[in-house]
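I have placed the structure first, in the form of structure tokens, so that the comments after it can refer back to it.
These figures come from a predicted structure and were not determined experimentally.
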Amino acid sequence: TWLDLRPTGGDADVFVSCKINPTGDDVGFPSKADGHFNFSSTSYLEDTLVIEPRHKRSCARNHDDDQVTLYIAVYGYAVSTYTLSAMHATGTIRLMPGVPYTGMVFKQIARHFSVRVGFEAQDLTIQLMPFYGDCDLFVKMKGTADMGNFDYYSIRAGATMDIVTIPEAKICTNCEIGVTVYGFETAR
């Protein structure tokens, strides 16, 4: 599970607990008091929290149960406005040529995609157009791309379109092209 707390004003932090006791102060659960949360992020400005399945299971009453409820508290250290988003981690998402995919990537998180290339070689252009935020594009032929393992990349600042073109002369055929979108900051 990925949680992202993005302020639009002020600074706030996120605390997550496996149990709830809403008292309205730090006596309750979840709260920022020691021992009153299982997961937290207290970064300045944007907070991104990754809760791995093996850690989330610690919240399950029956450890074979995949159904876990997480309770979330947001603390503002001044008047704050924010957006809180949650998303389940996904595996690789298949892209279809010519069909746009709209999604979200959180700060310091990578989303993985793949696109199938047939037997006939031709140029392949991959475009990443953020509606807001800043994300970067990494592409690898015959594998999964990441920030340290790629064949092509585009890193543009802010909500500027990233474009990668693999020329016909260099593209693999009958293969999978790995595409990774990395969130320099939360982006849609």
Side-chain angles (χ1 to χ4, degrees), residues 1-60 66-93 100-113 127-138 145-148 150 153-163 179-188:
T1 301
W2 299 333
L3 294 174
D4 186 71
L5 179 68
R6 184 175 188 183
T8 54
D11 182 34
D13 295 324
V14 63
F15 298 88
V16 179
S17 176
C18 300
K19 58 185 176 178
I20 189 166
N21 181 15
T23 62
D25 58 21
D26 287 339
V27 173
F29 288 82
S31 76
K32 64 182 179 176
D34 286 338
H36 287 229
F37 59 89
N38 298 80
F39 314 98
S40 68
S41 178
T42 58
S43 298
Y44 180 66
L45 296 178
E46 187 171 4
D47 291 274
T48 300
L49 190 56
V50 178
I51 303 173
E52 299 287 343
R54 68 181 184 275
H55 295 133
K56 190 167 63 172
R57 282 196 195 279
S58 66
C59 293
D66 286 332
Q67 301 292 324
V68 174
T69 301
L70 299 173
Y71 302 96
I72 302 168
V74 176
Y75 275 80
Y77 292 93
V79 174
S80 300
T81 55
Y82 59 87
T83 301
L84 179 64
S85 303
M87 184 179 350
H88 288 291
T90 59
T92 301
I93 298 167
Y101 176 87
T102 301
M104 190 167 204
V105 63
F106 293 151
K107 180 180 180 178
Q108 298 177 344
I109 300 290
R111 304 262 336 249
H112 300 286
F113 303 87
Q127 299 175 330
L128 174 64
M129 182 64 207
F131 295 118
Y132 65 82
D134 185 4
C135 49
D136 299 316
L137 181 62
F138 299 87
D146 62 41
M147 292 174 44
F150 55 85
Y153 70 96
S154 178
I155 301 173
R156 309 282 309 266
T160 305
M161 183 183 294
D162 285 287
I163 301 173
V179 178
T180 295
V181 175
Y182 177 79
F184 183 74
E185 63 184 31
T186 293
R188 180 168 173 77

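Taking OG1 of Thr186 as the start and CH2 of Trp2 as the end, the distance is 11.0 Å to the nearest 0.5 Å. Separation of atoms CZ (Phe29) and CG (Asn38) is listed at 9.0 Å; rounding is to 0.5 Å. Annotation: the span from Phe39 atom CZ to Ile51 atom CD1 amounts to 5.0 Å, rounded to 0.5 Å. Atom OH in Tyr182 sits 14.5 Å away from atom CG in Leu137 (nearest 0.5 Å).
Residues passing the side-chain hydrogen bond (donor to acceptor under 3.5 Å, both in side chains) test with Glu185, sequence neighbours excluded: none. Under the rule for a side-chain hydrogen bond (donor to acceptor under 3.5 Å, both in side chains), the partners of Thr8 that lie at least two apart in sequence or sit in another chain are Thr81. Listed by chain and number, the residues in a side-chain hydrogen bond (donor to acceptor under 3.5 Å, both in side chains) with Asp162 are Ser154 (sequence neighbours excluded). Tyr153 pairs by the side chain to side chain contact (heavy atoms under 4.5 Å, CB included) definition with Phe138, Phe150, Ile155, not counting sequence neighbours. Scanning for side chain to side chain contact (heavy atoms under 4.5 Å, CB included) contacts around Gln127 gives Thr125, Met161, Ile163, with sequence neighbours left out. Here Ala86 pairs with Leu3 under the side chain to side chain contact (heavy atoms under 4.5 Å, CB included) rule; sequence neighbours left out. Evaluation of the side-chain hydrogen bond (donor to acceptor under 3.5 Å, both in side chains) rule for Ser17 yields no partner, not counting sequence neighbours. Residues that satisfy the ring pair (Phe, Tyr, Trp, His ring centres under 6.0 Å) test with Phe184, not counting sequence neighbours, are absent from this structure. Remark: Asp13 pairs with Asp11, Phe15, Thr42, Asp47, Tyr77 by the side chain to side chain contact (heavy atoms under 4.5 Å, CB included) rule, at least two apart or across chains. Take Tyr71 and apply the ring pair (Phe, Tyr, Trp, His ring centres under 6.0 Å) test, not counting sequence neighbours, and it matches no residue. Residues satisfying the ring pair (Phe, Tyr, Trp, His ring centres under 6.0 Å) test with Tyr132, not counting sequence neighbours, are none.
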Contacts table for residues 18-25: side-chain donor-acceptor under 3.5 angstrom, sequence neighbours left out:
residue : atom : partner : partner atom : Å
Thr23   : OG1  : Asp25   : N            : 3.4
Thr23   : OG1  : Asp25   : O            : 3.3
Thr23   : OG1  : Asp25   : OD1          : 2.7
Thr23   : OG1  : Gly28   : N            : 2.9
Asp25   : OD1  : Val27   : N            : 3.0

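For the residue pair Ala187 and Cys135, the shortest heavy atom distance occurs at CB-SG, 3.8 Å. The two atoms that bring Pro30 and Val16 nearest to each other are CB-C, 4.3 Å, heavy atoms only. The minimum heavy-atom distance between Thr180 and His112, with the atom names listed, is OG1-ND1, 2.9 Å.
Of the candidates Val179, Val105, Val181, Thr160, Leu128 forms a side chain to side chain contact (heavy atoms under 4.5 Å, CB included) with just one, namely Val181. With Asp4 as the fixed residue, the side chain to side chain contact (heavy atoms under 4.5 Å, CB included) test singles out one of Gln108, Met104, Glu46: Glu46.
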- Checking side-chain contact (heavy atoms from CB on, under 4.5 Å) for the pair Ile93/Arg111: CA distance, chi angles, key distance, verdict? CA-CA 8 Å; Ile93 298 167; Arg111 304 262 336 249; 3.1 Å; yes
- Query: Going through the distances and angles, do Tyr75 and Leu5 end up as a side-chain contact (heavy atoms from CB on, under 4.5 Å)?
  - Reply: CA-CA 11 Å; Tyr75 275 80; Leu5 179 68; over 6 Å; no
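Counting only heavy atoms from C-beta outward, the side chains of Val14 and Ser41 approach each other to under 4.5 Å.
Here the side chain of Ser31 pairs a donor or acceptor atom with the backbone of Asp26 at under 3.5 angstrom.
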